[in-house]
Amino acid sequence: MAKNSGHWSQGLLASMNDTNAVVDSDDTVVIIKDKYPKALFHFLVMPRQKIPYLKSVTTNDLALLEYIQKKGEEIAQRANTELKFRFGYHAVPSMSHLHMHVISQDFNSPCLKTKKHWNSFTTEYFVDSKDVIQQIKLKGIFSPDIHEMNELLKRDLRCHVCNKGFSTISSLKAHIVMHDVTVLRDS
DNA sequence: GTTCTAGAAC
DNA sequence: GTTCTAGAAC
């Protein structure tokens, strides 16, 4: 067995072949349900092409990134047309293999347990796909300040809708269920 | 990424 | 006494 192939950080490669996890796939991408969803709907869109990290993406991959975003928007629309979604990447992911998060903005999930979880989806640590694409177009590479990003994970808890501060995850979670996070529509 | 758990916070 | 967070995991 190859060194590190069974390491936890390689788990997404296994999930790509797990028929219980995969919700959609084609020649270019595989979409899975996040194993520990942090909201009612939480998917990962991954290229079949082996791209270990976001920082290894170049201008040659822009079409692929656009396609990943498009497929993410499709799966969100198919899953739930009422809730708001975001499509983006963690600035410093823990899991290897490029993956874009598709996550509904309710954050209503028992798997969301820690300050790190919360801040990774609600601070600038979560970078919208369109901003990643824009940055690669401008600079040729996505290169976040790692130290600055890791500091964001320690930031005090704040509601992502009204910005109210909380001292514990429990009180924050009790608060956010009261917000309407459905898409606003013209009548 | 999660699990476990010691000790801080309440 | 219970809730909660934060750091080790060989």
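Chain identifiers are assigned alphabetically (A, B, ...) following the order of the sequence lines, protein sequences preceding nucleic acid strands; residue numbering begins at 1 within each chain. Remember, predicted model here, so these are calculated numbers, not experimental data.
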Inset, instruction - Mind calculating the distance between NZ (A:Lys35) and C1' (B:dT2) to the nearest angstrom? - result: 9 Å
Inset, instruction - In whole angstrom, give the distance that lies between atom NZ of A:Lys173 and atom P of C:dC4. - result: 11 Å
Legend entry - Within-4.5 Å side-chain heavy-atom neighbours: A:Tyr67 and A:Val29: yes
Inset, instruction - May I ask you to decide whether A:Lys71 forms a salt bridge with A:Asp26, counting only side-chain N to carboxylate O separations under 4.0 Å? - result: yes
Inset, instruction - Identify whether any heavy atom of A:Leu12 sits under 4.0 Å from a base atom; if not, whether one sits that close to sugar-phosphate; answer base, sugar-phosphate or nothing. - result: nothing
Legend entry - Chi angles and distances behind the ring pair (Phe, Tyr, Trp, His ring centres under 6.0 Å) call for A:His160, A:Phe121: CA-CA 9 Å; A:His160 64 311; A:Phe121 285 102; over 10 Å; no
Inset, instruction - Send over the distance from A:His7 NE2 to C:dA9 C1', rounded to a whole Å. - result: 10 Å
Inset, instruction - Could you state the atom-to-atom distance from CG of A:Asn119 to P of B:dG1 in whole Å? - result: 12 Å
Legend entry - Phosphate OP1/OP2 of C:dC4 contacted by A:Ser170 side-chain N/O (<4.0 Å): yes
Legend entry - Atom pair distance, as rounded to whole Å: NZ in A:Lys115 and C1' in B:dA9: 13 Å
Inset, instruction - Have a look at A:Lys113 and say if it touches a base, only the backbone sugar-phosphate, or nothing, with a 4.0 Å heavy-atom cut-off. - result: sugar-phosphate
Inset, instruction - Report yes if some heavy atom in the side chain of A:Thr28 is under 4.5 Å from a heavy atom in the side chain of A:Arg48; otherwise report no. - result: no
Legend entry - Pair A:Lys70 + A:Glu73, salt bridge at N-O below 4.0 Å: no
Inset, instruction - Quick one: label A:Thr114 by what it contacts on the DNA or RNA (base, sugar-phosphate, nothing), any heavy atom closer than 4.0 Å. - result: nothing
Inset, instruction - Indicate whether OP1 or OP2 belonging to B:dT2 is found under 4.0 Å from a side-chain N or O atom of A:Lys38. - result: yes
Legend entry - Any-strand Watson-Crick or G-U partner of B:dA6, both distances under 3.5 Å: C:dT5
Inset, instruction - Could you tell me the separation between the CD atom of A:Gln10 and the P atom of B:dT2, rounded to a whole number of Å? - result: 16 Å
Inset, instruction - Pick base, sugar-phosphate or nothing for A:His117, based on heavy-atom distances below 4.0 Å to the nucleic acid. - result: sugar-phosphate
Legend entry - Protein-nucleotide distance (A:Ile169, atom CD1; C:dA6, atom C1'), rounded to Å: 12 Å
Inset, instruction - Using whole Å, report how far CG of A:Leu157 lies from P of C:dA6. - result: 9 Å
Legend entry - Sugar-phosphate, base or nothing in reach of A:Thr168, heavy atoms under 4.0 Å: sugar-phosphate
Inset, instruction - Check whether any side-chain nitrogen or oxygen of A:Lys116 sits under 4.0 Å from OP1 or OP2 of B:dG1, and answer yes or no. - result: yes
